[in-house]
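Read through the structure below, which is laid out as structure tokens, and then see the notes.
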Amino acid sequence: MRLMLLLLFAFVPLFVAGQTAAPAPAAKKGNRATEFQMKEGSYLSFAQVNLSLGEIGFRVEVASEHKKSNARLEFRIDKPKGKIIGTLEIPYTGDSTYALKLTGNLRHAEGVHDLYLVARGAMPFSITSFGFIYNY
């Protein structure tokens, strides 16, 4: 009986499925592993965000290498040109990132909405992290 089971397993093909990706390039000075390059009019979107679950704001880590960019990040709902619920000014950060927080009474920010982070300003900047600030 053992011999039959051994023979059975010897002839059963084993299939392995997977996906491989090219290795990530080595990090250079000034490059961040995960960042979104933002320029005038570009946006990040988050579908069906429930803004009634206690969220009172957002935390965004940004990097800007331009001293006089006048860049800002607009938080809009439902579409890229939808109602503005808040705005963050993007400071000059040099070769590092800064964490910025948008908190307080966010206008029109109740219920489930698509959320858009829209870039404004003449010079580009990067977003390296985004998250909610919860009211606990």
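All figures in this text were calculated on a predicted structure; none of them were measured in a lab.
For D114, the side-chain hydrogen bond (donor to acceptor under 3.5 Å, both in side chains) partners at least two apart in sequence or on another chain are Q48. Partners of R120 under the side-chain hydrogen bond (donor to acceptor under 3.5 Å, both in side chains) rule, at least two apart in sequence or in another chain, are E40, E74. Judged as a ring-ring contact (aromatic ring centres under 6.0 Å, His included), and not counting sequence neighbours, Y98 has no contacts. Legend: residues meeting ring-ring contact (aromatic ring centres under 6.0 Å, His included) with Y43, ordered by chain and number and at least two apart, are Y116.
Applying the under-4.5 Å side-chain rule to Ile, Leu, Val, Met, Phe, Trp and Tyr, the cluster around Y92 consists of that residue alone.
The shortest heavy-atom contact between G94 and E65 is O-CG, 3.2 Å. The nearest pair of heavy atoms linking H66 to P124 is CD2-O, 3.4 Å. When all heavy atoms are compared, the tightest approach of G86 to L102 is CA-CD2, 3.8 Å. Heavy-atom minimum distance, T93 versus A63: OG1-CA, 3.2 Å. In terms of heavy-atom proximity, H113 sits nearest to L51 at CD2-CD1, 4.1 Å.
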Step-by-step side-chain contact (heavy atoms from CB on, under 4.5 Å) determination, R76 to I84: CA-CA 4 Å; R76 295 177 175 259; I84 295 177; 3.3 Å; yes
F132/V49 under side-chain contact (heavy atoms from CB on, under 4.5 Å): CA gap, chis, key distance, verdict: CA-CA 11 Å; F132 290 102; V49 176; 3.3 Å; yes
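Sequence neighbours left out, not one pair with a member in residues 84-94 passes salt bridge (Lys or Arg N to Asp or Glu O under 4.0 Å).
Under the 4.5 Å side-chain contact rule for hydrophobic residues, V60 and M123 do not share a cluster. Linking Ile, Leu, Val, Met, Phe, Trp and Tyr residues whenever their side-chain heavy atoms come within less than 4.5 Å leaves V118 and F36 in two separate clusters.
Two rings, from F46 and F130, have their centers less than 6.0 Å apart.
E61 contributes atom CD, which lies 12.0 Å from atom OG of S126 (distance to the nearest 0.5 angstrom). The line from CD1 of I127 to CG of L44 is 5.0 Å long, rounded to the nearest 0.5 Å. Here CG of L100 is found 8.5 Å from CG of L73. Values are rounded to the nearest 0.5 Å.
Counting non-hydrogen atoms of other residues, nucleotides and ligands closer than 6.0 Å to CG of N70 gives a total of 12 or fewer.
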